[in-house]
Undergrad: 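Starting off with a structure, shown below.
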Amino acid sequence: MVRDEAYRVLTGNWREGSLADGTPYGFTCPAPPRYRHQWYWDSCFHAIVWRHFEPARAREELRTLLRGGRLDGFIPHTIFWHDNAGWRRAPFYATHSLRGNQGTAHIQTPLLALAWEMVADRSPEDPGFRTEGLDALRLHYDWLGRHRDPDGDGLISIIHPDESGLDDSPKYDAVFGWMSHYLPGYFWLVERSRRLRYDSRAIIARYDEHVEDVMVNVFYALSLRALARLTGDDAYRTRAERTEQALVDLCWDEERGLFWDLAGSGHAPLRVSTWSSLTPLALPSIPEEIARRLIEEHLLHPKRYRARYGIPSVSMEEPSFQAGWHLFRCWRGPSWINTTWLLAPALARFGYEADAERIVGSCVELVERHGFREYYNPMNGEGLAARRFGWSTLLVDLLGGGDGGSATPGDGPFVGSLRDELRSIGAEVAGETLGRINRRAQAAAKRLRPG
Ligand code: GLC
């Protein structure tokens with residue numbers, strides 16, 4: 001069921017065509033109609049799953065992403081191929097101007113080289129794929145090193161919270177404050193970057209709201225390693241090792257047993273435990289004693305990350321942890337499937353196979369009960385936010401892809417209408433409000449009960 005439904009989601013969300021100038025595109029939108037464009041890291045995750053079904057679409061998705069970038073190696077966070085950034089967040093998109101942009105002017109967690117290698121490994125029928133993108137991929141990772149690591153410590157910086165893809169994570173509250181992604185002040189953060197033409201070195205020099213984000217750098221290092229393997233150029237491996245060493249030297253907190261993001265030029269540690277603090281577990285070079293601490297003191301700790309369903313995006317012990325849905329905020333507690341995708345294999349690698357299986361099994365249960373939702377409540381398993389969400393199909397990859405059988409595409413692609421989406425948002429709001437009223441009523445009843 002998981003595999004068939006995944007195929008149905010991916011085919012239903014697939015968009016292809018060409019621009020007026022003839023430039024072709026083909027990609028999976030994360031969840032129409034709410035997310036209709038091409039998002040950088042979503043596309044990488046989609047391609048990783050597509051390679052189990054139709055490697056040709058995996059290749060097209062990544063080629064399209066590369067094609068959406070600039071000649072200097074910059075690739076946008078979001079690319080608007082067939083549709084303008086019209087609905088919902090248009091004024092808040094980090095674009096150069098309010099209209100007429102082909103994509104945003106900011107980045108997203110750069111895992112393209114990693115995805116490229118994974119797709120190339122599944123493309124024996126198109127051996128040229130492995131090498132055709134290498135010049136552009138080199139330019140992309142060189143751009144990141146040049147523009148996003150001005151202090152040269154090996155860690156790249158994000159200048160907007162959503163550049164990691166972890167938009168509203170509470171770890172950013174202390175840095176971005178009133179300009180947080182979920183607050184109206186975010187508009188000013190965008191405007192401010194616009195005025196400096198998104199010149200990241202200038203922005204980092206002028207303002208202190210920038211973060212060396214642990215999760216972003218973990219994916220960056222994994223990708224540099226992939227690029228070294230793809231190109232045979234050891235300079236990328238050396239860069240990866242440097243980033244990995246910097247994570248241990250600068251972000252690791254021996255006392256708390258966690259990795260912290262570093263904010264501003266003063267490298268202030270952002271001491272909020274989110275799944276990002278655990279991501280170095282996925283690095284091949286992670287020292288074993290650090291890995292064991294991350295696993296035993298956090299990932300498997302019943303008060304922190306050992307939840308009934310998936311891996312919570314924020315430690316359940318954090319005051320900011322919120323298990324349920326919120327209209328304007330995400331990444332503040334619920335379990336996402338890409339979190340399990342990164343962490344469960346690492347857990348198994350260190351010998352905790354049973355726990356890895358338990359976590360993946362809980363995700364299967366989630367998907368069987370609620371379908372591929374954007375995220376889920378880690379306590380009661382409720383499916384939350386967007387439906388038919390593309391990267392949640394990473395579960396197929398976690399289950400080994402199930403290659404061998406052919407997919408049964410069910411009864412055709414589903415394309416959600418705006419009305420469906422509004423109805424589902426309405427249902428979410430109603431569900432959450434009712435839950436809250438219930439909890440309040442129960443608390444009041446408890447207070448009134450004698451003794
Ligand atoms: C949300 C997520 C972000 C993702 C986007 C599209 O904004 O926080 O990570 O890329 O949706 O799915």
Side-chain angles (χ1 to χ4, degrees), residues 9-10 12-15 27-49 61 64-65 68 75-81 83 85 87-95 103-104 106-112 115 158 160-173 176 180-183 186 189-190 211 213-216 218-219 274-276 279 311-314 322 325-342 372-376 383-394 416 421 424-425 428:
V9 167
L10 292 181
N13 294 3
W14 181 258
R15 299 290 177 271
F27 68 94
T28 318
C29 39
R34 211 184 292 187
Y35 303 116
R36 295 171 298 147
H37 312 293
Q38 181 174 31
W39 266 262
Y40 181 123
W41 79 328
D42 297 69
S43 258
C44 295
F45 293 135
H46 298 152
I48 288 168
V49 187
E61 178 120 30
T64 299
L65 187 58
I75 302 178
H77 172 288
T78 316
I79 309 170
F80 317 117
W81 289 104
D83 246 333
W87 188 61
R88 194 164 174 256
R89 294 199 308 161
F92 296 99
Y93 276 118
T95 46
T104 63
H106 68 334
I107 60 163
Q108 205 174 26
T109 291
L111 68 140
L112 180 51
I158 56 170
H160 288 199
D162 52 322
E163 286 198 311
S164 63
L166 310 177
D167 313 0
D168 312 311
S169 176
K171 66 183 184 156
Y172 301 133
D173 289 355
F176 294 97
S180 289
H181 187 254
Y182 55 88
L183 293 176
Y186 178 74
L189 192 68
V190 170
V211 176
D213 185 292
V214 172
M215 185 210 69
V216 170
V218 165
F219 275 110
T274 72
W275 79 283
S276 170
T279 53
I311 300 170
S313 43
V314 174
Q322 233 204 342
W325 176 84
H326 189 286
L327 183 54
F328 297 113
R329 300 195 295 200
C330 53
W331 294 108
R332 297 181 78 95
S335 296
W336 298 64
I337 303 292
N338 63 340
T339 315
T340 295
W341 179 79
L342 188 73
F372 290 101
R373 298 295 296 262
E374 190 172 356
Y375 46 82
Y376 305 84
L384 302 168
R387 291 163 201 275
R388 292 166 291 276
F389 187 71
W391 88 43
S392 294
T393 62
L394 280 171
E421 196 52 34
S424 91
I425 293 178
E428 285 165 27

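Count residues from 1 along the sequence. Keep in mind that the numbers below use all heavy atoms, side chains included, and drop hydrogens, waters and symmetry copies. Note that ligands are numbered from 1 as they come in the structure, with each ligand's atoms numbered from 1 the same way.
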Undergrad: Using a 3.5 Å cut-off on N or O atoms only, is Asp42 in polar contact with ligand 1?
TA: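 Right, the criterion is met.
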Undergrad: Using modelled atom types only, decide if a donor and an acceptor are shared between the side chain of His46 and the backbone of Thr28 within a distance under 3.5 Å.
TA: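 Side chain of His46 to backbone of Thr28, a donor-acceptor pair under 3.5 Å: yes, one is there.
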Undergrad: Kindly confirm or rule out an N or O of Trp336 lying under 3.5 angstrom from an N or O of ligand 1.
TA: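 No, since none of the N or O atoms of Trp336 sits under 3.5 Å from an N or O of ligand 1.
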Undergrad: Can you find a heavy atom in the side chain of Ile337 that is under 4.5 Å from one in the side chain of Tyr376?
TA: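 Yes, close enough: below the 4.5 Å cut-off.
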Undergrad: Have a look at Phe219 and tell me which of Asp213, Thr279, Leu342 forms a side-chain contact (heavy atoms from CB on, under 4.5 Å) with it.
TA: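 By the side-chain contact (heavy atoms from CB on, under 4.5 Å) criterion, Phe219 pairs with just one of Asp213, Thr279, Leu342: Leu342.
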Undergrad: In the structure I gave you, are the side-chain heavy atoms of Ile75 and Tyr40 within less than 4.5 Å of one another anywhere?
TA: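 Yes; the side chains approach each other to less than 4.5 Å.
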Undergrad: Among the heavy atoms of His77, does any lie under 4.0 Å from an atom of ligand 1?
TA: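 Contact absent.
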Undergrad: Quick one: pull up SG in Cys330 and CH2 in Trp336 and give me the separation to the nearest 0.5 Å.
TA: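 Going from the SG atom of Cys330 to the CH2 atom of Trp336 covers 4.5 Å.
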Undergrad: Please state whether Trp391 comes within less than 4.0 angstrom of ligand 1, counting heavy atoms only.
TA: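 Checking ligand 1 against Trp391, which is what was asked, there is a heavy-atom contact under 4.0 Å.
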Undergrad: So if I count the atoms of ligand 1 from 1 in the order they appear, which ones are less than 4.0 Å from some heavy atom of Asp167?
TA: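 In order of numbering, the contacting atoms are 1 (C), 2 (C), 7 (O), 8 (O).
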Undergrad: Between His160 and Tyr186, what is the shortest heavy-atom contact and its length?
TA: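 Closest heavy-atom pair between His160 and Tyr186: ND1-OH, 3.6 Å.
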Undergrad: Gln108 side chain to Trp41 main-chain N or O, any donor-acceptor pair under 3.5 Å?
TA: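 Indeed, once roles are kept as given, a pair shorter than 3.5 Å links the two residues.
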Undergrad: When only distance counts, is Pro30 in polar contact with ligand 1, meaning an N/O pair under 3.5 Å?
TA: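 Pro30 vs ligand 1: no N/O contact under 3.5 Å.
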Undergrad: From atom 5 (C) of ligand 1, work out which of Phe389, Tyr40, Trp39 has a heavy atom at the shortest distance.
TA: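 Among Phe389, Tyr40, Trp39, the closest heavy atom to atom 5 (C) of ligand 1 belongs to Trp39.
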Undergrad: Find all atoms of ligand 1 within a distance of less than 4.0 Å from any non-hydrogen atom belonging to Tyr35, and give their numbers and elements.
TA: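 Near Tyr35, meaning under 4.0 Å from one of its heavy atoms, ligand 1 has 1 (C), 6 (C), 11 (O).
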Undergrad: In ligand 1, which numbered atoms sit nearer than 4.0 Å to a non-hydrogen atom of Gly165?
TA: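 Matching atoms, with element in brackets: 2 (C), 3 (C), 8 (O), 9 (O).
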